[in-house]
Amino acid sequence: MTTKVAFLGPEGTYTHQAVLQQFGTDNVEISPQQSIGDCFQAINTRHVDFAVVPFENSTNGQVVFTYDLLRDWFLEEKKQCQFRIVGEQFVSIHHNLLSNGSLKEIETIYSHPQVWTQVGGYLSTLPKNITRIDVGSTSKAAELVSQDKSNKSAAISSLMSSKLYNLPILKANIEDNVTNTTRFLILGYNDPPAHDTSNQEVRKVTSVMFTLPNDDPGALCDVLVQFKENGINLTSISSRPANLQPWQYVFFIETVGKINTNVLKSIQKLCRDIVILGEFDRNWRFDQNQK
């Protein structure tokens with residue numbers, strides 16, 4: 001049986017790499033999408049079995065488009081979405097300078113806007129007159145350079161894109177932070193195919209989103225105290241505008257393990273809205289290696 005997977009395309013992106021890490025290549029039909037919103041739409045309409053979207057980067061932080069889409073899809077009652085977060089993948093981000101020309105010939109460099117701040121050290125060594133142009137993805141950058149017959153352009157992109165578009169690597173691993181990593185979410189209705197986790201410690205993670213009552217002093221503290229008093233470890237907390245009224249926020253948290261039903265009921269009493277976005281496995285060995 002073929003598994004259909006939507007992801008933020010085109011092929012050769014780091015999101016595509018996350019797809020390969022999660023699902024491999026056997027009996028998988030990929031469906032590249034033009035935007036993260038399109039990925040949500042594809043899984044909601046069940047045109048695919050899973051969707052893979054970027055969530056956060058260890059250098060640049062939140063992928064706000066994904067956070068906001070989770071907010072919109074799960075807080076707007078009219079959408080009634082049934083999919084959830086069913087998994088995650090971590091992709092090590094190694095940027096490369098790709099071109100058919102030589103380094104001294106380059107006049108233009110293409111890449112995704114988020115990349116520039118991740119390769120600032122290397123860029124500072126290049127001539128100041130080189131033009132930088134933003135494109136929709138690192139893979140698109142490589143595609144444009146592969147079509148340039150003048151050989152005066154370059155792309156900052158992945159090894160996967162180098163192979164896909166047959167572009168030589170002029171300089172490999174130009175990222176400032178060698179541990180630069182992007183985390184991707186797997187959206188779906190069922191658990192994704194299991195990986196071999198022998199000799200690895202796997203733990204369950206619960207992703208929760210909630211809003212607070214208006215003008216209630218200490219409301220966020222009251223919620224967080226519930227986790228502390230019940231021995232629930234929070235691994236992350238972040239916020240985005242709730243889009244309900246000015247200066248109201250939606251909070252995203254992740255906990256180790258499942259949240260007991262009684263604890264959840266106690267927390268619900270303190271919140272305006274609360275949604276369990278998903279429960280999924282995390283490879284503990286990866287966490288340890290990233291410290």
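- Contact check for Phe251 versus Val223: no side-chain heavy atoms found under the 4.5 Å cut-off.
- Under the 4.0 Å criterion applied to side-chain N and carboxylate O atoms, Asp281 and Arg203 are not assigned as salt-bridge partners.
- Distance check: Leu144 CG to Ile133 CD1 gives 8.5 Å after rounding to the nearest 0.5 Å.
- When each of Ile186, Ile30, Asp49 is checked for a side-chain contact (heavy atoms from CB on, under 4.5 Å) with Phe23, only Ile186 meets the rule.
- Side-chain contact between Leu97 and Ile106 is present, with at least one heavy-atom pair separated by less than 4.5 Å.
- Judged by distance alone, the side chain of Arg71 and the main-chain N or O of Pro241 form a donor-acceptor pair under 3.5 Å.
- Expressed to the nearest 0.5 Å, how far CD of Glu175 lies from CD1 of Ile93 amounts to 9.0 Å.
- Phe55 pairs with exactly one of Tyr67, Phe90, Phe252 by the ring-ring contact (aromatic ring centres under 6.0 Å, His included) rule, that one being Tyr67.
- A 4.5 Å side-chain heavy-atom check between Leu270 and Ser266 finds every atom pair outside the cut-off.
- Side-chain atoms of Arg84 come within 3.5 Å of backbone N or O of Tyr189 as a donor-acceptor pair.
- Gln248 places a side-chain N or O within 3.5 Å of a backbone atom of Leu212 that can act as its donor or acceptor partner.
- A 4.5 Å side-chain heavy-atom check between Ile274 and Val208 finds at least one atom pair inside the cut-off.
- Using modelled atom types, one side-chain atom of Asp176 and one backbone atom of Gly120 make a donor-acceptor pair closer than 3.5 Å.
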Dump the intermediate steps for side chain to side chain contact (heavy atoms under 4.5 Å, CB included) on Val115 and Thr138, then the final yes or no. CA-CA 8 Å; Val115 169; Thr138 56; 3.7 Å; yes
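- Judged by distance alone, the side chain of Asn57 and the main-chain N or O of Gln62 form no donor-acceptor pair under 3.5 Å.
- Atom CD1 of residue Ile267 and atom NZ of residue Lys265 lie 13.0 Å apart, to the nearest 0.5 angstrom.
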Would you check, one step at a time, whether the test side chain to side chain contact (heavy atoms under 4.5 Å, CB included) holds for Gln41 with Trp73? CA-CA 10 Å; Gln41 189 65 40; Trp73 279 92; 3.6 Å; yes
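- Nearest approach of Ser137 to Pro10, heavy atoms of both residues: OG-CD, 3.1 Å.
- Listed for the Asn27 side chain is no donor-acceptor partner under 3.5 Å among the backbone atoms of Met1.
- The cluster map of Ile, Leu, Val, Met, Phe, Trp and Tyr, joined by side-chain heavy atoms under 4.5 Å apart, puts Ile43 and Val275 in the same cluster.
- Hydrophobic clustering (side-chain heavy atoms under 4.5 Å, transitive across Ile, Leu, Val, Met, Phe, Trp, Tyr) groups Trp116 together with Leu170.
- Checking Glu29 against Ser31 by side-chain atom types alone, no donor-acceptor pair falls below 3.5 Å.
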Would you sort out whether Leu8 and Val53 count as a side chain to side chain contact (heavy atoms under 4.5 Å, CB included), showing the intermediate values? CA-CA 6 Å; Leu8 179 61; Val53 294; 5.8 Å; no
Side chain to side chain contact (heavy atoms under 4.5 Å, CB included) between Tyr122 and Ile156, worked out: CA-CA 11 Å; Tyr122 178 74; Ile156 297 178; 5.9 Å; no
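- The shortest heavy-atom contact between Thr15 and Pro54 is OG1-CD, 4.2 Å.
- Here CD1 of Ile109 is found 9.5 Å from OG of Ser153. Values are rounded to the nearest 0.5 Å.
- Using modelled atom types, no side-chain atom of Thr3 and backbone atom of Val28 make a donor-acceptor pair closer than 3.5 Å.
- With a 4.5 Å cut-off on side-chain heavy atoms, Leu277 and Leu185 do not count as touching.
- When atom types are taken as modelled, the side chain of Thr206 and the backbone of Thr255 share no donor-acceptor pair closer than 3.5 angstrom.
- Ion pair Glu279/Lys204 not flagged as a salt bridge, since none of the NZ, NE, NH1 or NH2 atoms sits closer than 4.0 Å to an Asp/Glu carboxylate oxygen.
- Between Phe50 and Phe83, the gap from one ring centroid to the other reaches at least 6.0 Å.
- Checking side-chain atoms of Thr125 against main-chain N and O of Gly121 turns up no donor-acceptor pair under 3.5 Å.
- Taking a 6.0 Å sphere around CD of Glu105, one finds it holds more than 12 heavy atoms contributed by other residues, nucleotides or ligands.
- In terms of heavy atoms, Ser139 sits closest to Leu164 at OG-CD2, 4.4 Å.
- The shortest side-chain heavy-atom distance between Leu75 and Met209 falls under the 4.5 Å cut-off.
- Contact record, Glu254 with Phe280: OE2-CZ, 4.1 Å, taken as the closest heavy-atom pair.
- Aromatic pair His16/Phe184: centroids not less than 6.0 angstrom apart.
- Within 6.0 Å of CZ on Phe65 lie no more than 12 heavy atoms contributed by other residues, nucleotides or ligands.
- Of all heavy-atom pairs between Asn100 and Val145, the closest is ND2-O, 4.2 Å.
- If you take CD1 on Ile85 and OG on Ser207, they are separated by 4.0 Å, rounding to the nearest 0.5 Å.
- Atoms NZ and CD, from Lys269 and Gln226 in turn, are 9.5 Å apart once rounded to the nearest 0.5 Å.
- Val225 is not connected to Leu220 by any chain of hydrophobic side-chain contacts under 4.5 Å among Ile, Leu, Val, Met, Phe, Trp and Tyr, and they are in different clusters.
- When all heavy atoms are compared, the tightest approach of Gln118 to Thr59 is CG-CG2, 4.3 Å.
- The hydrophobic clustering, which links ILVMFWY residues whose side-chain heavy atoms are closer than 4.5 Å, places Val250 and Ile276 apart.
- Looking at heavy atoms from C-beta onward, Gln22 lies out of side-chain contact with Val5 at the 4.5 angstrom threshold.
- With hydrophobic clusters built from ILVMFWY side chains whose heavy atoms lie under 4.5 angstrom apart, Phe210 shares a cluster with Trp247.
- Side-chain N or O atoms of Thr211 include one that pairs as donor or acceptor with a backbone N or O of Asp273 at under 3.5 Å.
- Within the 4.5 Å cutoff, the side chain of Val135 has heavy atoms near those of the Tyr110 side chain.
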